[in-house]
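The next block holds one structure in the form of structure tokens; read it before the comments.
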Amino acid sequence: MGDFSAKVFEQVRRIPRGKVSTYGQIARLIGSPRSARYVGWALRNNSEPVKTPCHRVVFKDGRLAQGYAFGGEDKQRCLLAGEGVTFADETHVDMEACLWDPERDEQGRPADIDWEREMADE
DNA sequence: CAAATGACAAAAT
DNA sequence: AATTTTGCCATTT
């Protein structure tokens, strides 16, 4: 794993329960504003399911990643909904309400919740 | 070893 | 305003 991936995971783990972040936002946090694409690459290449809540990372417009995502995008949607994330419509997270603001505060707990259990159902 | 590739988003046409 | 190109990391071919 490269330094890049390590930083990605570090930030993704900070996303609070009930909030989401975006690929671009994570990219900015680790100091590579133009590397949103590679954030996705890092998560795919080295996703450590239990430690890193990668389901909380979505598109800037609130859409979920197509194609991949650990089990299907409907499962991701289910996980998010279970954490209290609200949706503007079928395919879009309500970004206004649920986008994590890293500058503001940790807005809750350090994302070290037992989302293993949440994943258990289904 | 060089070249292609991938969970995106912003800049340039 | 809409479409195309660029960004530039690490792994795979």
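Sequence lines set the chain letters: A, B, ... in the order given, protein chains first and strands last, and positions in each chain run from 1.
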Q) If we take the P atom in both C:dT3 and B:dA7, what is their distance in whole Å? A) 23 Å
Q. Closest heavy-atom contact between A:L29 and A:Q11?
A. CD1-OE1, 3.6 Å
Q.
Give me the distance, rounded to whole Å, that separates C:dT11 from B:dA9 when you measure between the C1' atoms they each carry.
A. 22 Å
(Q) For C:dT6, give the paired nucleotide (Watson-Crick: N1-N3 plus N6-O4 or O6-N4; G-U: N1-O2 and O6-N3; both under 3.5 Å), or none. (A) B:dA9
Q. Quick one: A:K75 NZ to B:dA7 C1', roughly how many Å, whole number?
A. 16 Å
Q. What is the ring orientation for A:F4 with A:W41, classed by angle as parallel under 30°, tilted 30 to 60°, or perpendicular over 60°?
A. tilted
Q. Can you name the closest pair of heavy atoms from A:A42 and A:V8 and give their distance?
A. CB-CG2, 4.1 Å
**Q.** Test item: A:K19 side-chain N/O and A:A97 main-chain N/O as donor-acceptor pair under 3.5 Å
**A.** yes
**Q.** Polar side-chain atom of A:Q76 near backbone of A:H55 as donor-acceptor pair, under 3.5 Å
**A.** yes
Q) Expressed in whole Å, how much space separates the P atoms belonging to C:dT5 and B:dA4? A) 16 Å
**Q.** Distance between P atoms of C:dC8 and B:dT13 (Å, rounded)
**A.** 16 Å
Q.
Please check this pair: side chain of A:Q25 against backbone of A:W100, looking for a donor-acceptor N/O pair closer than 3.5 Å.
A. yes
Q) Can you check the A:L43 CG to C:dT11 P distance for me, whole Å? A) 14 Å
Q: Mark up nucleotides 8-13 of chain B, 5' to 3', with B wherever a protein heavy atom is under 4.0 angstrom from a base atom, S wherever such an atom reaches only the sugar-phosphate, and - elsewhere.
A: BSSS--
